Undergrad: 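After the structure tokens below, expect a handful of questions from me.
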Amino acid sequence: MEPLYTPQGVEERWQRAWEAEGLFHADASSGRPSYVIAVPPPNVTGVLHMGHALNASIQDVLVRWHRMRGFNALWQPGYDHAGIATQAVVEKKLRAEGTSRLEIGREAFLDQVWAWLREYGGVIMGQFRSLGCSLDYARERFTMDDAYVRAVMRFFVHLYERGWIYRDNRIINWCTDCRTSISDLEVEYRDVDDALTYARYPLADGPGSVTIATVRPATILADVAVAVHPDDERYASVIGKEVVVPVVGRRVPVIADERVERDFGTGALKITPGHDPVDFEIGRDHGLAELTVIDLDGHMIGDIPAELLGLTEDEAAVAVVEWLREHDQLEKRESYRHAVGHCERSGTRIQPLVSLQWWCAMDELARPAIDVLETGRVTFHPSVHGRVALDWLKAIRPWNISRQLWWGHQLPIWYCPDGHVTCVETPPDACAECGSREIERDPDVLDTWFSSALWPFATLGWPDDTPELRAFYPGDVNVTGRGIIFLWENRMIMAGVELMGDIPFRDVVINSNVLDPIGRPMSKSLGNGVDPLDLIAAHGADATRYGLLKMSSTQDIKFTEGPIEEGRKLANKLWNASRLLLMSGGGEVAARPSSVEERWILARIDAARAGVETDLAAYDFAHAVDRLYHLTFDDFCDWYLESIKPRLGDADVKATAFAALERLLALLHPVLPHVTEEIWSNLPARETRLVVAPWPEPAPEYADDLAALDRAQTAARIYRRSGVRIKVAGDSLRIFEAVVRPSADGQGDVDAERARVGKEIERSERMLANEKFVANASPDVVEAERLKLAEHRSELDALGE
RNA sequence: GGGCGGUUAGCUCAGUUGGGAGAGCACCAGCUCGACAAGCUGGGGGUCACUGGUUCGAGCCCAGUACCGCCCACCA
């Protein structure tokens, strides 16, 4: 054993051994109680980033801990096909090759995607291995596996048959860059500086006009009404009359609707159901037409002046404003900053369009999920996220589930020439209604999150009744970032309760976002990302795990390398403490404490065990690892090992030391799996692996009188600070001399020490002399103060009068 | 517009029901003794964002202010 612990090599060796020996494998027929976590499936095209590393470290600690506690622990691995992201990657490659998906066609394109994935996809599982993750790698699943596709089809048909999935022309979020609709959750709002254009719409009959304000003048061409608030006296006289839409000259009604804000702009709102979500709602309620003047590419179309056809929206806006100016209908333009929806993936400004899409009504699915959260059957940690999840469920809206993409789960919907719809799991021969064989499948695919909702049970074989499903559902915990609570957590709960009749997990742990050292999100474009693989190469996987857990919090975390270096130091310290014991030869491993410091360390380890259990049960990883750090450094190394050094030749003392080390290694293993396994393998008479060794049982028998060590510690503190030796005897003296190794000479500064203790006594006396304190403070607080005073007085006594 | 979180040492952060301000890193000094390319020990360093309030006592509770951040949202 070298003095410096070098994780490189050691870690890979154990990663290979654990997996080769099948120690991560959960057997569906074991009969033991299960503990199940399904990994948030990373994008099949993705590579490990700090968020994954933190997320995985948390899950691995939980899984390893439960495995040691005797649970049949399954950490389910796998990948998500990530529809838009993956399709975009392959399309980019095609462009570079001078072709496009439209040119090569759907079938060839999908072949290309699969080929691309075979070559470049699916690298994260290897990176998880490098972090020491104990996933059951043999059970890897992919959302595009045949079996998983079958599950998705079953889910769709199930919802269709319940009448919750329907097709409708509604306003959607169209991304002109991704060329697909996206769900409301994939729209992010950004502040944009726009111009607010005030345009006069003349009354159709007689003099007068109504002025509206708009940020999108081009959509004037699709106006079908002007709306005002029913109680707005300024406009009372024009309600029911008609105005003339500029440029196109269409006569449209002035309607009254309470959704119009009197205080904004002029208080009159142009209504464009074809290109605005609010207007769409108002239009539906008033039975208005839904005109479209902007196509899927963002170009002007429809029943508009010929010179505008084919222009971009911005070009058309310029032309419309110019027309208004020429006709003296432009009242003013002013700058205006407001929030505008953008595609989360491409950053493109969302184009609201009316489009024929597939939708899923969510009310019936949400109802039981709301109950699950309200009754606490599923609990979020920290709990604030549960309240937010609940609020979202209570205000849930229909979900646009169809995407105009090729990569994904194609809808199990077939149309016949008569317009009948057939919805079945496997491709039919004929229309279910009229028997026509000229059926065509809907070209759209499903939102990626539609399949993700099934992850906790589709990975276990659902819809088949498999041994895995019976052994491992429901699962226990799900760990993820707060960004996908609505996209994923809520939908897994809804799908689990609907299809399985039970919740997919009891606890949802929301881990921090990892930011750069000055608090910005890590991103490729900023170039401020830290690569976890670099950290692993530099400090080891154990240190990286430790550091991430130490940083973890209920807040976002600003990444610093310090905690990872702390982890490296801990691994090195443990390594060297073990060297001290191992260098003096083998022997027995048996707890036979015969002295106070031996009972003390066993009691301290047991207290730490209890503390770590409490911390981990509360998903408080930072405190758990902090506790382990101080147990190792302060208690085990600085006090215990130092105190037994003079007696290391004693076989019982060493056997006890090995027993204590063994327990310490077990406690540390979930956090530092490699170094602990390595040391464990060097302990005398090893037959098993630490990864599957039992978690230490409570050891209350050692928590006896430990006062001798307390006295030795007090004596050491005083001696180290002032050079003064206070009177101690027996065990306390022996421990004091072993740990402190005082020099024989020197009397130290007794006066200074006495003055210091004197101040403490004065403070206690003053507090206890305060009648209000004694009268109002709780009795135990007063009693504690009296004890402190007594201790200080005896300390003063030990210093000699 | 609504909601949530944060502000504590030079840095990154802990501070459980109110009862002497803590850790790691960084800095300074001493030690080196049977493991520790280091380790151990000691030390300096804080107006706990600000203002009021409650209390014998407030980093913690209450009211408000400022700044930072996040989520949600149909004022065009």
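Predicted model, so just to flag it, every value in this text is computed and none were measured. Letters A, B, ... are given to chains in the order of the sequence lines, protein chains preceding strands, and every chain is numbered from 1.
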Undergrad: Can you sort out the partners of Phe380(A) under ring-ring contact (aromatic ring centres under 6.0 Å, His included), two or more places apart, ordered by chain and number?
TA: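 Phe380(A): no ring-ring contact (aromatic ring centres under 6.0 Å, His included) contacts found.
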Undergrad: For the side chain of Tyr629(A), counting heavy atoms from C-beta on, which of rG24(B), rA76(B), rU41(B) is nearest?
TA: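 Given the options rG24(B), rA76(B), rU41(B), the side chain of Tyr629(A) is closest to rG24(B).
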Undergrad: Using atom C1' of each nucleotide, how far apart are rG20(B) and rG59(B) to the nearest Å?
TA: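 Taking atom C1' in both rG20(B) and rG59(B), they lie 14 Å apart.
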Undergrad: Is the distance from the ring center of His623(A) to that of Phe621(A) below 6.0 Å?
TA: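 No, they do not, as the ring centres are separated by 6.0 Å or more.
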Undergrad: Would you say the side chain of Arg721(A) and the base of rG42(B) hold a donor-acceptor pair, judged only by whether the two atoms sit under 3.5 Å apart?
TA: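 Donor-acceptor pair under 3.5 Å: no.
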Undergrad: What is the distance, rounded to the nearest whole Å, between atom CG of Asp638(A) and atom P of rU41(B)?
TA: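 Spelled out: CG on Asp638(A) to P on rU41(B) is 4 Å.
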Undergrad: May I ask you to say what Phe486(A) touches in the nucleic acid, namely base, sugar-phosphate or nothing, with a heavy-atom cut-off under 4.0 Å?
TA: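 Phe486(A): backbone/sugar contact only, no base atoms under 4.0 Å.
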Undergrad: Taking the P atom in each of rC13(B) and rU7(B), what is the distance between them to the nearest angstrom?
TA: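 rC13(B) and rU7(B) have their P atoms separated by 10 Å.
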Undergrad: Nearest to the side chain of Ala213(A), which nucleotide is it out of rU41(B), rC74(B), rA76(B)?
TA: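 From the listed options, rA76(B) comes nearest.
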Undergrad: My understanding is that only residues two or more places apart in sequence, or in another chain, count here; which of them pass side-chain hydrogen bond (donor to acceptor under 3.5 Å, both in side chains) with His539(A)?
TA: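 His539(A): side-chain hydrogen bond (donor to acceptor under 3.5 Å, both in side chains) contacts with Glu561(A).
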Undergrad: Quick check for you: among rA76(B), rC4(B), rC36(B), whose closest atom lies nearest to any side-chain atom of Thr214(A)?
TA: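 The answer is rA76(B).
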Undergrad: Sequence neighbours excluded and cut-off under 3.5 Å, please list the side-chain donor-acceptor pairs for residues 629-637 of chain A, or say none.
TA:
residue	atom	partner	partner atom	Å
His630(A)	ND1	Asp634(A)	OD2	3.0
Thr632(A)	OG1	Leu628(A)	O	2.8
Asp635(A)	OD2	Arg604(A)	NE	3.0
Asp635(A)	OD2	Arg604(A)	NH2	3.1

Undergrad: If I pick the C1' atom on rG22(B) and the same atom on rU16(B), what distance separates them, to the nearest angstrom?
TA: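 Comparing C1' positions in rU16(B) and rG22(B) gives a spacing of 14 Å.
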Undergrad: Taking only residues two or more places apart in sequence, or in another chain, which ones meet Ser383(A) in a side chain to side chain contact (heavy atoms under 4.5 Å, CB included)?
TA: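 Listed in chain order: Arg387(A).
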Undergrad: Within the 4.0 Å heavy-atom criterion, would you say Arg520(A) contacts the bases, only the backbone, or no part of the nucleic acid?
TA: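 Nothing, no nucleic acid heavy atom in range.
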Undergrad: Using both pair distances under 3.5 Å as the test, note the stems of at least 3 consecutive Watson-Crick or G-U pairs that include RNA chain B.
TA: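 When the pairs of RNA chain B are grouped into runs of at least three, the stems are B:1-7 with B:66-72, B:10-13 with B:22-25, B:27-31 with B:39-43, B:49-53 with B:61-65.
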Undergrad: Is His338(A) near enough to rC75(B) that one of its side-chain N or O atoms lies under 4.0 angstrom from OP1 or OP2?
TA: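 No, His338(A) has no side-chain N/O under 4.0 Å of OP1/OP2 on rC75(B).
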Undergrad: In chain order, what residues pass the side-chain hydrogen bond (donor to acceptor under 3.5 Å, both in side chains) check against Ser355(A), with sequence neighbours excluded?
TA: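 In terms of side-chain hydrogen bond (donor to acceptor under 3.5 Å, both in side chains), with neighbours along the sequence ignored, Ser355(A) is linked to Gln357(A).
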Undergrad: Table please: side-chain donor-acceptor pairs of residues 765-774 of chain A below 3.5 Å, with sequence neighbours left out.
TA:
residue	atom	partner	partner atom	Å
Glu765(A)	OE2	Arg793(A)	NH2	2.5
Asn770(A)	OD1	Lys772(A)	N	2.9
Asn770(A)	OD1	Phe773(A)	N	3.3

Undergrad: Among rC13(B), rA37(B), rG20(B), which nucleotide has an atom closest to any side-chain atom of His792(A)?
TA: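 Between rC13(B), rA37(B), rG20(B), the one nearest the side chain of His792(A) would be rG20(B).
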Undergrad: Looking at residues at least two apart in the chain, or sitting in another chain, which of them share a ring-ring contact (aromatic ring centres under 6.0 Å, His included) with Trp575(A)?
TA: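 With sequence neighbours excluded, Trp575(A) shows a ring-ring contact (aromatic ring centres under 6.0 Å, His included) to Tyr5(A), given in chain and number order.
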Undergrad: Determine the Euclidean distance between corresponding C1' atoms of rC25(B) and rG44(B); express it in Å to zero decimal places.
TA: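 It works out to 16 Å between them.
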Undergrad: Select one nucleotide: of rA73(B), rA23(B), rG15(B), the one nearest the side-chain heavy atoms of Asp626(A).
TA: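 That would be rA23(B).
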Undergrad: In whole Å, what separates the C1' atom of rG52(B) from that of rG46(B)?
TA: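 My reading of the C1' atoms in rG52(B) and rG46(B) gives 23 Å.
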Undergrad: Would you say Asp193(A) has more than 12 foreign heavy atoms packed within less than 6.0 Å of its CG?
TA: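 Buried by this count: over 12 neighbours within 6.0 Å.
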Undergrad: Between the base of rA37(B) and the side chain of Glu2(A), is one N or O donor paired with an acceptor at under 3.5 angstrom?
TA: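 Absent.
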Undergrad: Test of understanding: with ring-ring contact (aromatic ring centres under 6.0 Å, His included), list the residues that count as partners of His674(A), not counting sequence neighbours.
TA: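 Once residues adjacent in sequence are excluded, the partners of His674(A) under the ring-ring contact (aromatic ring centres under 6.0 Å, His included) criterion are Trp18(A).
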Undergrad: Treating primed atoms plus P, OP1 and OP2 as sugar-phosphate and everything else as base, which nucleotides of nucleotides 53-58 of chain B get B, S or - for protein heavy atoms under 4.0 Å?
TA: ---B--
Undergrad: Please state the P separation for the pair rA49(B) and rG6(B) - nearest whole angstrom.
TA: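 Each nucleotide's P atom is 12 Å from the other's.
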Undergrad: If you pin Phe264(A) and Val739(A) to their nearest nucleotides in RNA chain B, which one's is more 5'?
TA: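 Going by which nucleotide is closer to the 5' end, it is Val739(A).
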Undergrad: Quick check on rC72(B): is either OP1 or OP2 less than 4.0 Å from any side-chain nitrogen or oxygen of Tyr189(A)?
TA: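 For rC72(B), neither OP1 nor OP2 has a side-chain N or O of Tyr189(A) closer than 4.0 Å.
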Undergrad: Using OP1 and OP2 only, check whether a side-chain N or O of Ser553(A) sits under 4.0 Å from rA14(B).
TA: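 Yes, Ser553(A) has a side-chain N/O under 4.0 Å of OP1/OP2 on rA14(B).
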Undergrad: Which ones in residues 567-579 of chain A lie close to RNA chain B, meaning a heavy atom under 4.0 Å from one of its atoms?
TA: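 Within this stretch, Lys569(A), Asn572(A), Lys573(A), Asn576(A), Ala577(A), Arg579(A) sit under 4.0 Å of the strand.
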Undergrad: Does a donor on one side chain sit under 3.5 Å from an acceptor on the other, for Gln329(A) and Tyr201(A)?
TA: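 No donor-acceptor contact under 3.5 Å links the two side chains.
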Undergrad: Go through the N and O atoms of the side chain of Glu565(A) and the base of rG24(B), and report whether any donor-acceptor pair is under 3.5 Å.
TA: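 Check fails, no donor-acceptor contact within cut-off.
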Undergrad: Under the ring-ring contact (aromatic ring centres under 6.0 Å, His included) rule, collect the residues that match up with Phe486(A), sequence neighbours excluded.
TA: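 Phe486(A) satisfies ring-ring contact (aromatic ring centres under 6.0 Å, His included) with Trp392(A) only.
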Undergrad: On RNA chain B, check which nucleotide each of Phe633(A) and Leu4(A) is closest to and give me the residue with the more 5' one.
TA: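 Between the two, 5'-proximity favours Leu4(A).
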Undergrad: Using a cut-off of strictly less than 4.0 Å, decide whether Arg717(A) has a side-chain nitrogen or oxygen near OP1 or OP2 of rG42(B).
TA: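 For rG42(B), neither OP1 nor OP2 has a side-chain N or O of Arg717(A) closer than 4.0 Å.
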Undergrad: Which of the following nucleotides, rA35(B), rG19(B), rA73(B), is nearest to the side chain of Val781(A)?
TA: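 The closest nucleotide is rG19(B).
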